[in-house]
Protein chains: 2
Amino acid sequence: MPPNLQPVFRALGDPTRRDILRMLGQEPMTIAEVSEHFDMTRAAVKKHLVMLSDGGLIDVKPRGREKVNSLNAAALKPVFDWLSWFDKFWDDRLDALKTAIEKDQSHDTGRHND
Amino acid sequence: MPPNLQPVFRALGDPTRRDILRMLGQEPMTIAEVSEHFDMTRAAVKKHLVMLSDGGLIDVKPRGREKVNSLNAAALKPVFDWLSWFDKFWDDRLDALKTAIEKDQSHDTGRHND
DNA sequence: TTGACATGATACTTTTAGGTATCATATAAA
DNA sequence: TTTATATGATACCTAAAAGTATCATGTCAA
């Protein structure tokens, strides 16, 4: 039931793709715009974008003849959760904060303010 | 001098290695013990352990003719920091908590580079 | 000291990743 | 409509990952 982590971790395993995520965190971009930032062909960038999309890390939306890629940061949460399992090995204050976060996420659906 | 994230993300990109990390989170194990949990040869498991070691995610310590592998969870912190950059896309309370954590960790210079 | 055993090291195979080059298609613009 | 352009798709190349099999080495134990 939990989303399959593998495509997400695999997508994060490449530095170009991590850079792309950061870039899209600044603003949505077309494939051509993303490609301008890298010393590789558009086709290569496109492959990276497909992998990012496979991991659910980006949303792709057509705009005329273009495709606009935007960050879907929510797909990173499962990774964050996976990492949180190891918090018990870190320091106590950090652990306390992370526990609070986890509890916070446990009633994640339809959240509203008290 | 921020640690190079790539070996860490690469190590996390394989499901077998992620499983190994959790196993070692329970207790340190020899190579043979780790291998018992997987349907592959000891040599294959050994390769995974080398990659985990390359990422600094495990410590390997000789004990007689054995090698004991133990989790080094601290090596996951940079990943956590990298992910934290995206918190601004999550909800506000979570962002506040994570900001606190980052401030808590602000000893190490130069986060957010890769 | 001999043998058993845990690990190291190497060579080999197969699959996947990352990349290029090229051509096809759909849309915008003239 | 014609042409330019943004993207899609395919074939291909190279390198790295993931795995096996095999043999060497170091250490414990009888």
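The structure displayed is predicted, hence computed values, not measured ones. Reminder, nothing fancy here: chain letters follow the sequence lines and each chain counts from 1.
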Legend entry - Nearest-nucleotide 5' precedence on DNA chain C, R10(A) against M40(A): R10(A)
Legend entry - Closest-nucleotide ordering on DNA chain C, the 5'-leading residue of K47(A) and E33(B): E33(B)
Inset, instruction - Report which part of the nucleic acid T30(A) touches: base, sugar-phosphate, or nothing (heavy-atom distance under 4.0 Å, all strands). - result: sugar-phosphate
Inset, instruction - Mind checking R63(B) for me? I need base, sugar-phosphate or nothing, with any heavy atom below 4.0 Å counting as a touch. - result: nothing
Between [atom2] of [N] and [atom1] of [X], the distance in whole Å:
{"X": "D19(A)", "N": "dG18(C)", "atom1": "CG", "atom2": "C1'", "answer": "15 Å"}
{"X": "K46(B)", "N": "dT10(C)", "atom1": "NZ", "atom2": "C1'", "answer": "13 Å"}
{"X": "D14(B)", "N": "dA17(D)", "atom1": "CG", "atom2": "P", "answer": "11 Å"}
{"X": "Q6(B)", "N": "dA17(D)", "atom1": "CD", "atom2": "C1'", "answer": "13 Å"}
{"X": "M29(B)", "N": "dT7(C)", "atom1": "CE", "atom2": "C1'", "answer": "18 Å"}
{"X": "E66(B)", "N": "dT7(C)", "atom1": "CD", "atom2": "P", "answer": "6 Å"}
{"X": "K67(A)", "N": "dT25(C)", "atom1": "NZ", "atom2": "P", "answer": "16 Å"}
{"X": "E36(A)", "N": "dA6(D)", "atom1": "CD", "atom2": "C1'", "answer": "12 Å"}

Any side-chain to backbone donor/acceptor pair from [X] onto [Y]? Under 3.5 Å, distance only.
{"X": "Q6(B)", "Y": "G13(A)", "result": "yes"}
{"X": "N69(A)", "Y": "M29(A)", "result": "yes"}
{"X": "E33(A)", "Y": "V68(A)", "result": "no"}
{"X": "R17(A)", "Y": "R10(A)", "result": "yes"}

Inset, instruction - Please confirm whether any donor atom in the side chain of R65(A) sits under 3.5 Å from an acceptor in the base of dT5(D), or the reverse. - result: yes
Inset, instruction - Establish, with yes or no, whether the OP1 or OP2 oxygen of dT20(D) is under 4.0 angstrom from a side-chain nitrogen or oxygen of T41(B). - result: yes
Inset, instruction - May I ask you to evaluate whether H48(A) reaches the phosphate of dG19(C), defined as a side-chain N or O under 4.0 Å from OP1 or OP2? - result: yes
Legend entry - Atom of G25(B), atom of F89(A) and distance for their closest heavy-atom approach: O-CZ, 3.2 Å
Inset, instruction - Please figure out whether A43(A) or A44(B) has its closest DNA chain D nucleotide nearer the 5' end. - result: A43(A)
Legend entry - Nearest-nucleotide 5' precedence on DNA chain D, R42(B) against M51(B): M51(B)
